[in-house]
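For ligands, and for the atoms within them, numbers begin at 1 and follow the listed sequence.
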Amino acid sequence: MQVKKAIIPAAGLGTRFLPATKAMPKEMLPIVDKPTIEYIVEEAIKSGIEDIIIVTGKGKRAIEDHFDNSFELEESLVRKEKFDLLERVKESANVDIHYIRQKEPNGLGHAIWCARKFIANEPFAVLLGDDIVQSETPCLKQLINEFNTIQSSIIGVQQVPEHDTHRYGIIDPSTNDGRRYEVSKFVEKPKQGTAPSNLAIIGRYILTPKIFDFLEEHTIGSGGEIQLTDAIEKLNRIEKVYGYEFEGDRYDVGEKLGFIQTTIEIGLTRDDLKEPLLNYLKKLVKEYE
Ligand code: G1P
């Protein structure tokens, strides 16, 4: 079966970015000139996803407005003959996105469960908004290509430093075929020093709908929340769930340093910004040396 649907959970409170996120969803914080969530939506579309559902919560209306037409703004850009900007603004309104609300903040596993009726009985993708991946082949596309061969759930992983493993879901790999790992165990946020490897789950997943049987159990896990990783661990006992070490640079825009780094890296990929930004960075380095 083909993967055509994707879930993007966006119901988190964004406490790490307070006070910026007091009245604005964290998914709308811009990297250069685009909200972080637009990078995620673009990756999904470039990977061949046709239907996206965003799981929102209280205070997330700006996301819906962003992916909608903005008649007054478009009119005004036409009048001012700012056609390039008009194109950019229209791009974000071109995608067909569905929304559902997570009514209680019960964790990632619960957010995914909220979208079960939209997914029905097909394999689907999950993209987490805190992870932006820059790669030649979109990260999700790499996973979909693998899925097309193995027809089994597969999760994006990358190596992280040993001292960071407690911040992630970690896989215990058994065997590997190139970048694809068979997994004997999935552990959500293992205590420091207890991680079975340094291969961390990064926010890209292809899952079969069987996962909903386990999310349905609403088992409370790490941090007092319903964890997706725990349901994946149970799924792996009855159907294989693979790990795939994808190619690409991953940025954690869910924390402050990662957010600043992403802004700089993506700024450096823009023709109009590259040179002045580089010059500025060089000047800074000299000043701080
Ligand atoms: C979530 C997942 C975790 C994964 C991480 C990747 O955690 O629960 O397994 O490693 O995303 O970003 P969160 O960062 O939302 O606490």
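The proximity of Asp252 to ligand 1, defined as any non-hydrogen pair under 4.0 Å, does not occur for either the backbone or the side chain. Under 4.0 Å from ligand 1, the heavy atoms of Glu188 that appear belong solely to its side chain.
Centroid-to-centroid, the aromatic rings of Tyr39 and Tyr251 stay 6.0 Å apart or farther.
Heavy-atom distances between Arg167 and ligand 1 stay at or above 4.0 Å for every pair. Residue contacts with ligand 1 include Thr229, since one or more of its heavy atoms lies under 4.0 Å from the ligand.
Residue, atom and distance of the protein heavy atom nearest to atom 11 (O) of ligand 1 are Leu128 CD1, 3.3 Å. When only non-hydrogen protein atoms are considered, atom 13 (P) of ligand 1 lies nearest to Lys189 NZ, 3.6 Å.
Every N/O-N/O distance between Tyr168 and ligand 1 stays at or above 3.5 Å. Remark: ligand 1 and Asp130 share no N or O pair separated by less than 3.5 Å (distance only, no angle test). Of the polar atoms of Ile201, at least one N or O is found under 3.5 Å from an N or O of ligand 1, judged by distance alone. At a 3.5 angstrom cut-off on N or O pairs, Gly169 counts as close to ligand 1. Ligand 1 has an N or O atom lying under 3.5 Å from an N or O atom of Asp131, backbone or side chain.
Crowding of Phe71 atom CZ: a count of heavy atoms from other residues, nucleotides or ligands under 6.0 Å not exceeding 12. In the displayed structure, Arg179 atom CZ is contacted under 6.0 Å by more than 12 heavy atoms of other residues, nucleotides or ligands.
Proximity of atom 15 (O) of ligand 1 to the protein is not indicated, since no non-hydrogen protein atom lies closer than 4.0 angstrom.
Of the charged side-chain nitrogens involved, none lies within less than 4.0 Å of a carboxylate oxygen, so that Arg79 and Glu75 do not count as a salt-bridged pair. Of the charged side-chain nitrogens involved, none lies within less than 4.0 Å of a carboxylate oxygen, so that Glu255 and Arg167 do not count as a salt-bridged pair.
Note that OG of Ser47 and CD1 of Ile144 are 5.5 Å apart. Values are rounded to the nearest 0.5 Å.
No side-chain N or O of Glu146 forms a donor-acceptor pair with one of Tyr242 less than 3.5 Å apart.
For Lys189 and Tyr168, the positive end is not near the middle of the six-membered ring at less than 6.0 Å and at most 45° from its axis.
Closest approach of Val187 to Pro196, counting heavy atoms only: CG2-CG, 4.0 Å.
Heavy-atom contacts of Gln227 reach the following atoms of ligand 1: 8 (O) (cutoff under 4.0 Å).
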